[in-house]
Peer 1: 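Questions regarding the structure given below will be posed in turn.
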Amino acid sequence: MIKSPLILSIETATDICSVALAKGEKILCTKTSTEPNSHSKLLATFIQEVFANYGDSLRKDLNAIAISKGPGSYTGLRIGVSSAKGLAYALDIPLIAIDTLKILAHRAKIKYNDCYYLPMIDARRMEVYTALYDENMNVLKDISADIIEGDLYENYHRDKKIVVVGNGASKCKEILSKDIYIFDGDINLNAEYMTWLALDKYNNKEFEDTAYFEPYYLKDFIAKKSVVKGLY
């Protein structure tokens, strides 16, 4: 097993498009955009720029590709996973998949010790994709699409604060108003937050079947009526 593997991480589960290159625990380069609906335009460019920054020869030294697998945006996940699978297949290297909500929870844990962690991804209206993790990253409440109500998570908190993060958190702040909650709007998805989780999976050889891997959408895709003239 390689002591400090070179891993490219890709995160496209929300409006944020992000790529990070890391060697072991050391992050070498990141590229991030918060421009909505930009994944198809920017992802391939970001990947090329990340390699170019450290010499394109690094591409042949890459040991694995890590992808944020969902839940999240159907289109974003599809673009990210397709790119990750294509690279992993072309370079004949392992594909690593990481739960998107766990990426947020792990980042929250680094900032807030001895708490519970409630990552939220916006799923439109008052619904969010979420899960609840304890201080050891054990799942207390499985991943689900929740319509937010005031007492939905109160039975879990016991004597610990619940840290709420992600792009779905802000719309829940008025409803989850009790002092058991800590809202942190600065913690959102970024490929660099995948580094330690990806390294752990690499060391444990937790790889996906590249040919058959699919994103975790959680809910079925519902196509909307096009607003483009000529397509409705």
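Computed from a predicted model, the values in this text were never measured in an experiment. Computed over heavy atoms, backbone and side chain alike; hydrogens, waters and symmetry mates excluded.
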Peer 1: What residue among I67, V81, T12 forms side-chain contact (heavy atoms from CB on, under 4.5 Å) with P215?
Peer 2: V81
Peer 1: For the pair K141 and D146, find out whether any cationic side-chain nitrogen is under 4.0 Å from an anionic carboxylate oxygen.
Peer 2: yes
Peer 1: Would you check, one step at a time, whether the test side chain to side chain donor-acceptor pair (under 3.5 Å) holds for S68 with E11?
Peer 2: CA-CA 5 Å; S68 171; E11 212 305 306; 2.6 Å; yes
Peer 1: Can you tell me how far apart CG (N113) and SG (C115) are? Round to the nearest 0.5 Å.
Peer 2: 7.5 Å
Peer 1: Specify the closest pair of heavy atoms between I98 and A66, including all atoms of both residues, with the distance to one decimal.
Peer 2: CD1-CB, 4.5 Å
Peer 1: Less than 4.0 angstrom from a charged side-chain N to a carboxylate O is my criterion; do K41 and E35 meet it?
Peer 2: yes
Peer 1: Do I93 and N63 come within less than 4.5 Å of each other through their side chains, counting heavy atoms only?
Peer 2: no
Peer 1: Using 0.5 Å steps for rounding, measure from the CZ atom of F46 to the CG atom of L21.
Peer 2: 14.5 Å
Peer 1: Could you check N167 against T14 for side chain to side chain donor-acceptor pair (under 3.5 Å), going step by step and ending with a plain yes or no?
Peer 2: CA-CA 8 Å; N167 73 345; T14 64; 4.5 Å; no
Peer 1: To the nearest 0.5 Å, what is the distance between CG (L95) and CD (E206)?
Peer 2: 13.0 Å
Peer 1: Considering only NZ, NE, NH1 and NH2 on the basic side and carboxylate oxygens on the acidic side, decide whether E154 and K178 come within less than 4.0 Å.
Peer 2: yes
Peer 1: So how far is it from M194 CE to D99 CG, rounded to the nearest 0.5 Å?
Peer 2: 10.5 Å
Peer 1: Using ring-ring contact (aromatic ring centres under 6.0 Å, His included), reason through Y181 and Y153 one step at a time and then give a plain yes or no.
Peer 2: CA-CA 10 Å; Y181 298 103; Y153 310 105; 7.1 Å; no
Peer 1: For the pair Y133 and Y117, evaluate ring-ring contact (aromatic ring centres under 6.0 Å, His included) and give the outcome as yes or no after the intermediate values.
Peer 2: CA-CA 5 Å; Y133 300 83; Y117 309 100; 8.2 Å; no
Peer 1: Evaluate the side chain to side chain donor-acceptor pair (under 3.5 Å) criterion for residues Y129 and D122: first the C-alpha distance (whole Å), next the side-chain angles of each, then the deciding distance (0.1 Å), finally the verdict.
Peer 2: CA-CA 7 Å; Y129 300 129; D122 192 3; over 6 Å; no
Peer 1: Main chain of Y193, side chain of N190: is a donor-acceptor contact present, judged purely on distance under 3.5 Å?
Peer 2: no
Peer 1: If you measure from CG on L8 to CD1 on I96, what distance do you get to the nearest 0.5 Å?
Peer 2: 10.5 Å
